Novice: 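To start, I am sharing the structure in question, which I have written as structure tokens.
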Amino acid sequence: MQLSIERPPLALVACSDDWMSRALESIFQQRGYVVAHTRSGAQSLELARLANHDLLIVDESLSDMSARDVCRAIRDNARFDHSIPIVITTPAPPHPRARMEAYSDGAWEYCSLPTDVDAVFVKLETFIRARGEITVARSEDFVNATTGLYTPFGLRQLAGKLGSRALRNHEAFACVAFAPQVQDREIGSSMLWKESPTGFADVAHVFREQSRQSDVVGHVGDMRLAILAPDTDAAGARLLVARLQRELDRAVKSKSIGGQVRLRAGYSAVADLATSRINVAELVHRAENALDHAPIQGDGDAIVSFDDLPAF
């Protein structure tokens, strides 16, 4: 039975047992899958977040974390694509209670090898076909109709294209994530700030009008924006934030937007994307992480570099 999608589906096998890993690879290759491997649960999470896998197979042999822990980590973290099916494999027939617990943790299927394989592939064919149709439908929605900026889906697609070009040309690359704030009230000589849908719309408009032609501006959350900035290093990222803040200040003075707006920002930048061994998707993740550490209140700059965050 062949899978009816345009490219071979990609499966990631997470298994610490070499024999079982080879067995899983053989089984899935016979069904038309391209198979990637990892022996670590932690690495499987990193690969699942960064790559476009169609299926994640997690064997009970993992030594650094349990298969159920992997499922929970993916289910509970918004940075993962929750539509990726996760199949837990085990050499022995699973107990019904263990199967139900795996389902509650986010597993799509829990099966023993080789007895359950045929039924799993029948379900996978239907699921992956449906997932492909959803992806096609989502691809038509690259731009947010309200703001005119790229959607998270559109941003991810363009990140891959921009990253490929930057790799070939050994360009610098930066990503800056923003959480705009508007003036709330003053206490003494200090200003208090808050996030606001109105302020967000104003900022989105200024970003669309004032960003460089080479930059890609898009949504990364309900009230968060990100800019993918090719040929931009760390110093350039800070200049970018400063320039956009000046444009917002001018818009306030001209009364084209209502109320003072302050940019909270986090950024991650590399001088050469090719030698950094970091892809653009990871730069976006790091910029959002830095943004999480940007001061929510205060009178000074609210911009943080990922490289300045404390190591844990």
Side-chain angles (χ1 to χ4, degrees), residues 1-77 79-94 98-99 102-103 105-125 127-129 131-132 135 156 159-160 163-164 167 274 276-283 285:
M1 184 178 295
Q2 297 297 318
L3 291 163
S4 56
I5 59 177
E6 293 184 359
R7 60 168 177 77
L10 175 61
L12 174 63
V13 173
C15 180
S16 297
D17 182 272
D18 289 336
W19 183 89
M20 181 62 73
S21 182
R22 288 194 296 272
L24 288 167
E25 178 180 23
S26 177
I27 290 169
F28 280 88
Q29 283 181 340
Q30 290 174 14
R31 302 286 182 144
Y33 284 78
V34 175
V35 181
H37 294 274
T38 178
R39 297 172 57 87
S40 158
Q43 187 177 35
S44 74
L45 293 175
E46 185 69 8
L47 293 172
R49 185 173 61 80
L50 296 176
N52 187 29
H53 294 98
D54 298 290
L55 173 66
L56 177 59
I57 305 111
V58 186
D59 190 66
E60 289 281 17
S61 67
L62 290 178
S63 57
D64 62 331
M65 60 193 303
S66 73
R68 288 177 56 191
D69 286 341
V70 173
C71 290
R72 282 194 295 268
I74 291 177
R75 179 198 64 191
D76 295 339
N77 193 323
R79 299 187 190 280
F80 290 102
D81 181 354
H82 295 165
S83 70
I84 297 175
I86 307 171
V87 175
I88 297 179
T89 55
T90 177
R99 190 190 296 269
Y103 291 159
D105 289 330
W108 183 83
E109 187 56 275
Y110 190 4
C111 66
S112 61
L113 296 176
T115 57
D116 293 339
V117 168
D118 288 339
V120 169
F121 277 109
V122 170
K123 289 192 285 185
L124 276 173
E125 182 183 10
F127 184 88
I128 290 177
R129 183 189 300 113
R131 186 168 180 257
T135 299
R156 287 195 301 272
S164 296
L167 284 170
S276 72
R277 300 187 181 277
I278 300 172
N279 61 28
V280 175
E282 179 62 19
L283 287 178
H285 171 60

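On a predicted model such as this, the values are computed, not experimentally measured, just so you know.
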Novice: Without swapping roles, check the side chain of Ser61 against the backbone of Cys15 for a donor-acceptor pair under 3.5 Å.
Specialist: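 Answer holds: no.
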Novice: Taking the side chain as every heavy atom from C-beta outward, state whether Leu55 and Trp108 have any pair of such atoms under 4.5 Å apart.
Specialist: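 In short, these two side chains do not touch, never coming nearer than 4.5 Å.
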Novice: State, to 0.1 Å, how close Ile74 and Ile86 come at their nearest heavy-atom pair, and which atoms those are.
Specialist: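 That would be CD1-CD1, 3.8 Å.
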Novice: Kindly say whether Pro91 contributes a backbone atom to a donor-acceptor pair with the side chain of Ser112 at under 3.5 angstrom?
Specialist: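 Flag not set: sc Ser112 to bb Pro91 has no pair under 3.5 Å.
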Novice: Nearest heavy-atom pair of Val87 and Cys111: which atoms, and what distance?
Specialist: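 Reported closest heavy-atom pair: CG1-SG, 3.9 Å.
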Novice: Got a sec, which residues hit side chain to side chain donor-acceptor pair (under 3.5 Å) with Ser40, two or more places apart in sequence or on another chain?
Specialist: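 With sequence neighbours excluded, Ser40 shows a side chain to side chain donor-acceptor pair (under 3.5 Å) to Asp64, given in chain and number order.
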Novice: Could you list the residues that satisfy salt bridge (charged side-chain N to carboxylate O under 4.0 Å, His left out) with Arg22, not counting sequence neighbours?
Specialist: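 Applying salt bridge (charged side-chain N to carboxylate O under 4.0 Å, His left out) to Arg22 gives none.
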Novice: CD1 of Ile278 to NE2 of His285: how many Å apart, nearest 0.5 Å?
Specialist: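 One gets 11.0 Å once the value is rounded to the nearest 0.5 Å.
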Novice: Measuring from atom CD1 of Ile57 to atom CD of Glu109, what distance do you get when rounded to the nearest 0.5 angstrom?
Specialist: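 Going from the CD1 atom of Ile57 to the CD atom of Glu109 covers 12.5 Å.
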Novice: Compare every heavy atom of Leu62 with every heavy atom of Met65, then report the nearest pair and how far apart it is.
Specialist: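 Shortest heavy-atom contact: O-CB, 3.2 Å.
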Novice: Start with the C-alpha gap between Leu124 and Tyr33, add the side-chain angles, then the distance that decides, and say whether side-chain contact (heavy atoms from CB on, under 4.5 Å) holds.
Specialist: CA-CA 11 Å; Leu124 276 173; Tyr33 284 78; 3.7 Å; yes
Novice: Out of curiosity, Leu45 CG to Leu12 CG, how far, rounded to the nearest 0.5 Å?
Specialist: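 Result: 9.5 Å between the selected atoms.
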Novice: Can any side-chain N or O of Arg99 pair as donor or acceptor with the backbone N or O of Pro94 at less than 3.5 Å?
Specialist: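 Not a single qualifying donor-acceptor pair exists.
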Novice: Could you state the interatomic distance from OG (Ser63) to CG (Asp17), rounded to the nearest 0.5 Å?
Specialist: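 Those atoms lie 11.0 Å apart.
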Novice: How close do Ile84 and Ala48 get, heavy atom to heavy atom, and via which atoms?
Specialist: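 So the minimum-distance heavy-atom pair works out to CD1-O, 4.3 Å.
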Novice: Under a 3.5 Å threshold, yes or no: a donor from one side chain and an acceptor from the other, between Glu25 and Ser21?
Specialist: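 Checked: Glu25/Ser21 side chains show no N/O donor-acceptor pair below 3.5 Å.
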Novice: At what distance, to the nearest 0.5 angstrom, does CD of Glu60 lie from OG of Ser16?
Specialist: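 Spacing of CD (Glu60) from OG (Ser16) equals 11.0 Å.
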Novice: Mind checking what makes side chain to side chain donor-acceptor pair (under 3.5 Å) contact with Arg68, not counting sequence neighbours?
Specialist: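 By the side chain to side chain donor-acceptor pair (under 3.5 Å) rule, Arg68 matches Glu101, Asp105.
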Novice: Ignoring hydrogens, what is the shortest heavy-atom contact between Pro85 and Asp54? Give both atom names and the distance.
Specialist: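 Looks like CD-O, 3.1 Å.
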Novice: Supply the atom-to-atom distance Met20 CE to Thr89 OG1, rounded to the nearest 0.5 angstrom.
Specialist: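 One finds 6.0 Å between CE of Met20 and OG1 of Thr89.
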Novice: Please report the closest heavy-atom contact between Phe28 and Val35, naming both atoms and the distance.
Specialist: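 In this case the closest contact between Phe28 and Val35 is CB-CG2, 3.9 Å.
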